[in-house]
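Source: prediction; values computed, not measured. Note that the numbering runs from 1 along the sequence shown for the chain.
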Amino acid sequence: MSEPVLKILKGGTQTTLQDAGRPGHRHLGIPKSGAADRLSFALSNYLVGNPWDAPALECTLGGLHIRFLKTSRIAISGADMKAQINGMNVGMNRCVPVEPGDILTFSFGRVGCRAYIAVEGGLKGETFMGSVSTYIPAGFGGLEGRAYRAGDEIYSAELETTGPKSLPFGYAPRLSRHIVLRARSVTEWDWLSPAAQRYMYTSPFHATADTDRMGARLRGDKIDLVEKKDMVSSPILPGTLQIPPNGQPILALIDGHCTGGYPRALQVITADLWLLGQIAPSSPVSFRRCFPEDAPVILRGRNAFYEGLMPGFRF
């Protein structure tokens, strides 16, 4: 067996291995999973010359410490967690060489929630249904289906690379602590009172501490229904906003359930789903109305823009 490329010294709040996910299994109750912020994940891979969907590390909130065991190249994208190598600051969205013994440390970022560390050649994990993405609730993918902890060693996937790259001007997303999501009204929107409908698009919510890869519980004024109705469990997707009986919305994220029994008010458009991965506890979250006919146009434009940089990439 080849030697590991890096060793985890501290796992941080939560660090997992992620790729582009395992689509097509929601009918079996298995979410797509994969990188919560698909765009930042793909850009980190681009910078080190990997395929855009190569497995990479996803660090949530910070606190990660890594020792590199081989000469390689890395890139960090997403939330700025004040990364340092051997005590020297490391820039975001750039390819950086590392040598055996180098130690990468993350502090805790103030803007955004997740950072991605791509390593030249990609990283190896346990494959389940065609993906190495870690899905902690069911315990599969990554390393034993769990977050990394001190002492874990990670091996290279030895993928073919195209060499280090720089990111052209205008391609690096600018993150904000205030997450603004374009969304359209969906199935049970008419169940909301007129006042609640206005509030949804005009006032911010705040993500509570009950926010993880499965979903974000939001806090704000109570969202009232015109009348209480029973409903059977129905399909939900990442970006579906549900209204539970207490009137405090729940926003489904990348590892969220495949069905839910609460009224569905909004659906975040596909082009903005990557932003869900940057919702941290206490983040302000606002929704802006997007008409159904506009969402496909926005998506085509965003896909075309980034596919010119990363062939095959799709939001």
For [X] and [Y], which heavy atoms make the closest approach, and how far apart are they?
X: Asp224; Y: Ala196; result: O-CB, 3.6 Å
X: Gln278; Y: Gly78; result: NE2-CA, 4.1 Å
X: Leu43; Y: Pro173; result: CD1-CD, 3.5 Å
X: Thr161; Y: Gly121; result: CG2-N, 3.5 Å
X: Ile8; Y: Ile66; result: CD1-CG1, 4.1 Å

Look at atom [atom1] of [X] and say whether more than 12 heavy atoms of other residues, nucleotides or ligands are closer to it than 6.0 Å.
X: Arg314; atom1: CZ; result: yes
X: Glu160; atom1: CD; result: no
X: Arg67; atom1: CZ; result: no
X: Lys229; atom1: NZ; result: yes

Original post:
Could you walk me through whether Arg177 and Ser282 pass the side chain to side chain donor-acceptor pair (under 3.5 Å) check?
Top reply: CA-CA 9 Å; Arg177 186 172 179 273; Ser282 80; 3.2 Å; yes
Going by distance alone, is a donor N or O of one side chain under 3.5 Å from an acceptor N or O of the other, for [X] and [Y]?
X: Ser156; Y: Glu158; value: no
X: Asp19; Y: Ser131; value: yes
X: Asn93; Y: Ser77; value: yes

Subject >> Trp52 ring center within less than 6.0 Å of Tyr46 ring center >> reply: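 Here the rings of Trp52 and Tyr46 have centres that are no less than 6.0 Å from each other.
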Original post:
Judged by atom type as modelled, is there a donor-acceptor pair below 3.5 Å linking the side chain of Asp37 to the main-chain atoms of Leu276?
Top reply: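 No, the answer is negative, given that no donor and acceptor are paired below the 3.5 Å cut-off.
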Original post:
Does any N or O in the side chain of Arg26 come within less than 3.5 Å of the main-chain N or O of Pro235, such that one atom is a donor and the other an acceptor?
Top reply: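 No.
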Original post:
Quick one: ring pair (Phe, Tyr, Trp, His ring centres under 6.0 Å) pairs with a partner in residues 77-121, sequence neighbours left out?
Top reply: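 Found none.
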Original post:
Going by the ring pair (Phe, Tyr, Trp, His ring centres under 6.0 Å) test, which pairs reach into residues 166-193, not counting sequence neighbours?
Top reply: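 Residue pairs with at least one partner in residues 166-193: Tyr171-Phe305, Tyr171-Tyr306, Trp189-Tyr201.
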Original post:
Can you list the steps and then say if Leu275 with Leu181 is a side chain to side chain contact (heavy atoms under 4.5 Å, CB included)?
Top reply: CA-CA 8 Å; Leu275 280 167; Leu181 303 166; 3.7 Å; yes
Original post:
Using links of under 4.5 Å between side-chain heavy atoms of ILVMFWY residues, direct or through other members, which residues join Phe140 in one cluster?
Top reply: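 Same cluster as Phe140: Leu28, Ile30, Phe128, Met129, Tyr135.
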**OP:** Sort and list the pairs that fulfil salt bridge (charged side-chain N to carboxylate O under 4.0 Å, His left out) and have at least one residue in residues 119-147, not counting sequence neighbours.
**Re:**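 Residue pairs passing salt bridge (charged side-chain N to carboxylate O under 4.0 Å, His left out), neighbours aside: Arg73-Glu120, Glu144-Arg146, Arg146-Asp152.
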Original post:
Which pairs count as salt bridge (charged side-chain N to carboxylate O under 4.0 Å, His left out) when at least one residue sits in residues 188-204, sequence neighbours excluded?
Top reply: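 Sorted pair list: Glu188-Arg264.
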Subject >> Chi angles and distances behind the side chain to side chain contact (heavy atoms under 4.5 Å, CB included) call for Ile136, Thr16 >> reply: CA-CA 9 Å; Ile136 292 177; Thr16 58; 4.0 Å; yes
Original post:
Can you check side chain to side chain contact (heavy atoms under 4.5 Å, CB included) on Phe313 and Asp53, steps first, answer last?
Top reply: CA-CA 8 Å; Phe313 174 80; Asp53 56 353; over 6 Å; no
Subject >> Salt-bridge present (Asp272, Arg182; N to O < 4.0 Å) >> reply: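 A salt bridge is present here (some side-chain N lies under 4.0 Å from a carboxylate O).
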Subject >> SB check Lys70 Glu3 (cutoff 4.0 Å) >> reply: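 No.
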Original post:
salt bridge (Lys or Arg N to Asp or Glu O under 4.0 Å) with Asp255: which residues, sequence neighbours excluded?
Top reply: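 For Asp255, the residues satisfying salt bridge (Lys or Arg N to Asp or Glu O under 4.0 Å) (neighbours in sequence not counted) are Arg213.
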